[in-house]
Amino acid sequence: MTIQQSYELAKQQFADIGVDTEKAMQLLDSLPVSIHCWQGDDVAGFEKQSGALTGGIQATGNYPGKARAPQELRADLDLASSLIPGAKRLNLHASYLEAEGKVERNEVKPEHFKNWVDWAKQNQFGLDFNPTYFSHPLSAEATLSHSNKEIRDFWIEHGKACRKISEYFGKELGTASVMNIWIPDGAKDLTVDKAAPRQRLVEALDEIIREKIDPKYHLDAVESKLFGIGLESYTVGSNEFYVGYATSRKTALCLDAGHYHPTEVISDKISAVMPFVEHLLLHVSRPVRWDSDHVVLLDDETQAIANEIIRNQLFNRVHIGLDFFDASINRIAAWVIGTRNMKKALLRALLEPTASLREAENNRDFTTRLALLEEQKSLPWQAVWDMYCERHNVPTGSNWLAQVRQYETNVLSQRA
Ligand SMILES: C[C@H](O)[C@H](O)[C@@H](O)C(=O)CO
Ligand SMILES: [Mn+2]
């Protein structure tokens, strides 16, 4: 049976339960997924002075072929992008700048990202941004919450400089860049004064976002965390801290799937914060026992995240980003698997007969609700996915893997 024939059968089956597959695919096109650049090189970046990855995060594995230069990373992204259907954005860290010599973090400028903007224009990508508050000698003890004013000021300047770059992205590309602030500040062991670093962080963030920037071009977001490696006992930017900060300062809030206690899920937090924040940034990731940043699966939680976005029609208020860095498998495959899974979850959510489910729920008919929820899992959504891939000239099924393998032989294996 051809993809077209399978699709026609699936289309009818979904129509029978009141779901329009054409509309679902159309809506999927309007939901870009922001692919994180850092999966391509194990969060190393391209600063001339770069050292080890710090900040309590880790990319474990030693799979050959990681990108060593911006040109290589862009070539890898070109391949990944050609294997992922629909709208995409690229999420860049400040450490992925391009310059002749060493550029200090507080001196990063839009010109250092011109090549990325040109690439984004050529590929019709939007860009998002992140100041880099780790992997730097001045981040060893703390950044925006440091008790030393000079160090704090250095990082405040970095944040301000990054906002200019983010605004530049938005202006050049005609789509707002979401700039996410995540800092690793915390403590390995018992902390007597937990209040002072948090107060300093409030003031530092206020200083960074003091200048108003048109939200047409740039949005500020803040990301909390539970703990980092070597920072197990105290995190300055905790969940409560940033929920309070984002709601009081009207910034976007970032929820990272790996940044909560193991039994907490961000899918349940989306509806809890949306009445209070205008914009939400998601870092879709997969924690395994800790914030291990494994590749996103098409699992229950990814599906639940997608369901929340679609059921509540948060199309323009939720920004879907990915955040994983697995160095133990082919890095391009990691991007393709994780991003396709996010998009599959969104498509499945768009194919849900939500109206019937809501009706059952409103009637307190929980039997029907459960029956419909379970039966729809075996509806032929995959035939719609294949059609979506075909319309976007992207391989169906696992056919994309052959191209990644070919590239591995021809290109990645040549990298030392
Ligand atoms: C590299 C990213 O900024 C980083 O993963 C951050 O978003 C995070 O989640 C830290 O744990
Ligand atoms: Mn994150």
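Keep in mind the model is a prediction, meaning the values are calculated, not measured. Just so you know, ligand 1 is whichever comes first in the structure, and atom 1 is the first atom listed for that ligand.
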Over all atoms of both residues, closest heavy-atom pair of Asn307 and Ala349:
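The answer is OD1-CB, 3.3 Å.
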Search all heavy atoms of Ala44 against all heavy atoms of Lys66 and return the closest pair with its distance.
CB-NZ, 4.3 Å
Decide yes or no on side chain to side chain donor-acceptor pair (under 3.5 Å) for Thr263 and His261, but give the supporting numbers first.
CA-CA 6 Å; Thr263 55; His261 290 282; over 6 Å; no
Phe134 vs His93 aromatic rings, parallel, tilted or perpendicular, using cut-offs 30° and 60°?
perpendicular
So which protein heavy atom does [atom] come closest to, and at what separation?
atom                    : answer
atom 4 (C) of ligand 1  : Asp323 OD2, 3.7 Å
atom 11 (O) of ligand 1 : Lys225 NZ, 2.6 Å
atom 7 (O) of ligand 1  : Glu223 OE1, 2.7 Å

[X] neighbourhood, listing ligand 1 atoms whose heavy-atom distance to it stays under 4.0 Å:
X      : answer
His283 : 7 (O)
Asp291 : 11 (O)
His259 : 8 (C), 9 (O), 10 (C), 11 (O)
Asp256 : 9 (O)
Ile57  : 10 (C), 11 (O)

Between Lys269 and Glu264, does at least one N-O distance fall below 4.0 Å, as a salt bridge requires?
yes
Between Arg391 and Glu22, does at least one N-O distance fall below 4.0 Å, as a salt bridge requires?
yes
Is there a heavy atom of Asn130 sitting under 4.0 angstrom from any atom of ligand 1?
no
Any chance you could lay out the side chain to side chain donor-acceptor pair (under 3.5 Å) test for Tyr388 and Asp29, step after step, and finish with the verdict?
CA-CA 9 Å; Tyr388 187 70; Asp29 270 337; 2.6 Å; yes
Does any N or O of ligand 1 fall below 3.5 Å from an N or O anywhere on [X], backbone included?
X      : result
Asn180 : no
Trp182 : no
Trp38  : no

Which of the protein's N, O or S atoms come within less than 2.8 Å of the Mn ion (ligand 2), not counting waters?
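Listed by chain and number, the atoms are Glu223 OE2, Asp256 OD2, His283 ND1, Asp323 OD2.
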Is a side-chain N or O of Asn399 found less than 3.5 angstrom from the main chain of Thr396, in a donor-acceptor match?
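Answer holds: yes.
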Under the 3.5 angstrom rule, does the side chain of Trp116 hit a backbone N or O of Phe169 as a donor-acceptor pair?
no
Are more than 12 heavy atoms, taken from residues, nucleotides or ligands other than Asp193, located less than 6.0 Å from that residue's CG atom?
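For Asp193, atom CG is crowded (more than 12 foreign heavy atoms under 6.0 Å).
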Ring-ring centroid check Phe14 Trp381, cutoff 6.0 Å
no
Would you please indicate yes or no on a ring centroid separation below 6.0 angstrom for Trp155 and His136?
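Under 6.0 Å, so yes.
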Option of least heavy-atom distance to atom 1 (C) of ligand 1 (set: His36, Gln58, His93)
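Residue with the shortest heavy-atom distance to the ligand atom: His93.
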